Amino acid sequence: MQVSQEKRRNYRPLVSSKTLQKTMGRYYALTNYHRYWGKLMRRPLAWVTSGAPVELLRAFNIHSAYPEQYAAIYSARNATVNLCEVAEAAGYSQDLCSYARSNIGGVLRPDLAPLGGMPKPDLLVACNNICGTVLKWYEVLARHFDVPLLVLDTPFLTGELTTQAKEYVLEQLNAMVTDLEKITHRRLDEKKLAQQMSLSREITSLWIETRQYCRASPSPLNAPDLFINMAPIVVLRGSHEGINFYRKLRDEVKERVDLAQGAIENERIRLVWDNIAIWPQLFSFYKMFSEKGACFVTDTYSGGWAVEQAPGTPLESLAATYTEVFLNRSPKYRANQLINLIKEFKADGFVMHSNRSCKPYSLVQEVIRKEVIHETGVPGLMIEADMADPRAYAEEPVRNRVQAFLETFDDL
Amino acid sequence: MFENNHLKDPRQSLELLLEEATLMGAKRLIRYPNRKFFGYFCSYFPEELILAAGLEPLRLLPDSENPTPVELPAYCCSLARGTLDMEVREKWSDLVGIGFTHTCDTMQCLSGIWAACGNSKTVDIVPPVMLNAPGASSYYHAELGSLLNELTALTKHEIQNEALRAALVLCANTRKLVTELDALRFNLPSPLIFSLLRAGQLMPRPEYALALENCLPLLKDMAKETHNKANVLVSSAVLENNSLFEMIEELGGRVVADDTCTGYRHYSGVTVSGSENLLLDIVQRYTNMPPCPCKNRSLNERISYLTALAKQRHAQGAIIIVRKYCEPHAWDAVTLSESFRRCGIRTLTLELEGANVGGQERTRLQAFLESLLEGPGL
């Protein structure tokens, strides 16, 4: 019975998903019951953006929770529309980021949010390396909760990282250390920070290694696998639990490669994905591809956490690593990144999600698409949707575009 | 072709400024054939450096509301779409270059898109977002130094300290004159004020300063009559025409406090001078000017500043304009309107696709202004 269902789905489940569920379940339980243990253990709770230097927070024994990640869960559990409507009724425009709107909706009406919403933070930490929205979003949260807001301003890189930008970020990190010392009443333990950096390197290298196995044909993972399995690298970066999980995932993925087992049956078309997942349609959208033998062998989104640390002292390394993230770089850099992925993973094409909620990711995609097509000769499809708000997803036009795109590979 | 002796008469000076505001730089090559223009988008791009490089700053404004250049998705503001469309139509081909400042995500993206698909040479400056962050001033200073080098490379002329000093003096003088103009808002029609403010971003600056200086006495004479209108504050991003202000005025309102990108915010704040290193004065100026929503000097500074401004100018109401897909202004609109309402200032938030207002806006503005006019105190 189970086999026939898998065949129908053309999808091979990962055995390690049980470990993932257990690991993430424990994290959510810890986070949601923070009020019972946080003060006792002297571990404040920080709400942080996905691109914040969490290694520094961990060195201060701060427990981090990620509104963006909760927003993805809200979306996957079909709660986003209700929560966004709460935020919209409070005056927030429907054109604003759907992660931010659903998070604010969850703050105002936790009873409508899966997991009971997020527990109240003791501080907020935002890094604008992913967008300018996070600053405005976290300003709203700081006013609402009346808690400290620490912002790391990472200048956008029009070319390479400049000395002045690196020094500016470094100076802010030094100031952030002072702020965190005041908030936590602890001195920075440099050994602990070095240890966190080391654990972070380890988890990142496991994620990089796992992803590189997808260069094999058939690819052992498809886009939904990458999106689901990226959760620990985001929220448990620098933790032993995260490392243990990625060891299991890496071993399983390696075994699939050894056995020539693909994530989907009869892999015929290899694609690269660009932009955040379409969470409310996570399986139905990608099924349109898998049922035609198209597998997303890699992506730029979950690949954002597969970046090695920059050299230097821990703070120097954090300054460079977090400023050089791909969303903080020029379209030229992003186009080269996509070109390299297509070559490295022997992809036959790429699909870009023009994501209404994420302007830095999406506005530049058309010029990148043209450049990548010009340089690689492979076709690229643009789909307009939203990472979390299903109201921005028009199923029939999307299906027509996907079908037409996949028909171009019929000779393969 | 324009000649300075046209500016001797105050009325001619006023007419020139009003024409320039309407033309939005369209006749720059005919009127000022010997000048070289440099386009820019945002008030955080330091005009002082453009002037010191021997160029005339031209604020790029769209000539239509609904252009759809293929390089940008539809969910992007009409300022970005409109100006990029004009680049595709080669409306900016005479410009020596185009300067981008990292303010919002859209401007940041537009810079890269422009560089990839446009023909103009682009120049970037990435000021700090957190203007009071540790290291922000040093970083800003270094960024200005880099910009100076880029402009030098672009014009192939070294920018001399004297040129920079002269540019600082010109900008300081212009801001002083504009502040005098801003003080006349109570008794002058709002479209007139906004036209005069916009002209200062679209025509050669020496001529602007001269013309404004010449017509200020005339404007002061015109402002002697008091009005009986509803005082409002307007907060908005770029507004490339007077459509909104004409409607406000027609419906019995008057803009007494202005927080718009193309209005007084462009000029407001103190011009610092006297440093050995002139770039430090420029850093001070742009760090301390009243912030737009893309910048942060402290959590509530912008909200407090605008609330205080509204009270100081006795604004009975506030009109917050959110241009479609302009995220920074949309974010602040919620907190700002709460702050105004707490102070007893009625607030209307209007979403506009472009700068033009139509029937729907008229209905809402009319109801809003009537409520102010019929309220206590008038």
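This is a predicted model, so every value here is computed, not measured. Per chain, numbering begins at 1; letters A, B, ... match sequence-line order.
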I'd like to know which of [options] tops the heavy-atom pair count under 4.5 Å against chain B.
options	result
Lys359(A), Gln365(A), Arg369(A)	Lys359(A)
Leu149(A), Thr163(A), Asn355(A)	Asn355(A)
Gly91(A), Ala335(A), Pro155(A), Ala165(A)	Pro155(A)

Distance in Å, [X] [atom1] paired with [Y] [atom2], rounded so as to fall on 0.5 Å steps:
X	Y	atom1	atom2	value
Leu72(B)	Ser354(A)	CG	OG	10.0 Å
Leu299(B)	Asp146(A)	CG	CG	9.0 Å
Glu139(A)	Ile303(B)	CD	CD1	8.0 Å
Cys77(B)	Leu363(A)	SG	CG	9.0 Å
Glu171(A)	Tyr139(B)	CD	OH	13.5 Å
Glu167(A)	Ser138(B)	CD	OG	8.5 Å

Does a donor on one side chain sit under 3.5 Å from an acceptor on the other, for Tyr325(B) and Ser93(A)?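 No, no side-chain donor-acceptor contact under 3.5 Å.
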What part of [X] is in contact with chain B, defined as an atom under 4.5 angstrom from a non-hydrogen atom: side chain, backbone, both or neither?
X	answer
Lys370(A)	side chain
Ile104(A)	side chain
Asn328(A)	neither
Ala90(A)	backbone
Gln94(A)	neither
Val364(A)	both
Thr158(A)	side chain

Measuring heavy-atom distances to chain A, does [X] have an atom under 4.5 Å in its side chain, in its backbone, in both, or in neither?
X	answer
Pro127(B)	neither
Glu351(B)	side chain
Val322(B)	neither
Val129(B)	both
Ser146(B)	side chain
Ala136(B)	both

Crowding at CD, Gln360(B) (>12 non-hydrogen neighbours, <6.0 Å): no
For atom NZ of Lys120(A), is the number of surrounding heavy atoms from other residues, nucleotides or ligands below 6.0 Å larger than 12?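 Yes, enclosed.
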Between the side chain of Asp153(A) and the main-chain N/O of Pro128(B), is any donor-acceptor distance below 3.5 Å?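 Answer holds: no.
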Taking Pro293(B)'s backbone N and O only, do any of them form a donor-acceptor pair with Lys136(A)'s side chain (distance below 3.5 Å, no angle check)? yes
Heavy-atom pairs under 4.5 Å with chain A - which of Val334(B), Asn300(B), Val126(B) has more of them than the others? Val334(B)
Does anything in residues 102-112 of chain B get under 4.5 Å of chain A by heavy atoms, and if so which residues?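 If one takes a 4.5 Å heavy-atom cut-off, the residues of residues 102-112 of chain B near chain A are His102(B), Asp105(B), Thr106(B), Gln108(B), Cys109(B), Gly112(B).
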Looking only at heavy atoms, which of residues 326-333 of chain B get nearer than 4.5 Å to chain A?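 Checking residues 326-333 of chain B against chain A gives Glu327(B), Pro328(B), Ala330(B), Trp331(B), Asp332(B).
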Taking the side chain as every heavy atom from C-beta outward, state whether Tyr140(B) and Gln164(A) have any atom pair closer than 4.5 Å.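 When only atoms from C-beta onward are counted, Gln164(A) and Tyr140(B) do not touch, as no gap falls below 4.5 Å.
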Mind checking whether Leu135(A) and Asn296(B) have side chains closer than 4.5 Å, heavy atoms only?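 In short, these two side chains touch, coming nearer than 4.5 Å.
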How far apart are the closest heavy atoms of Ala133(B) and Tyr168(A), and which atoms are they?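 Looks like CB-OH, 3.7 Å.
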Write down the atom of Glu366(A), the atom of Glu71(B), and the distance for their closest heavy-atom approach. CB-O, 3.7 Å
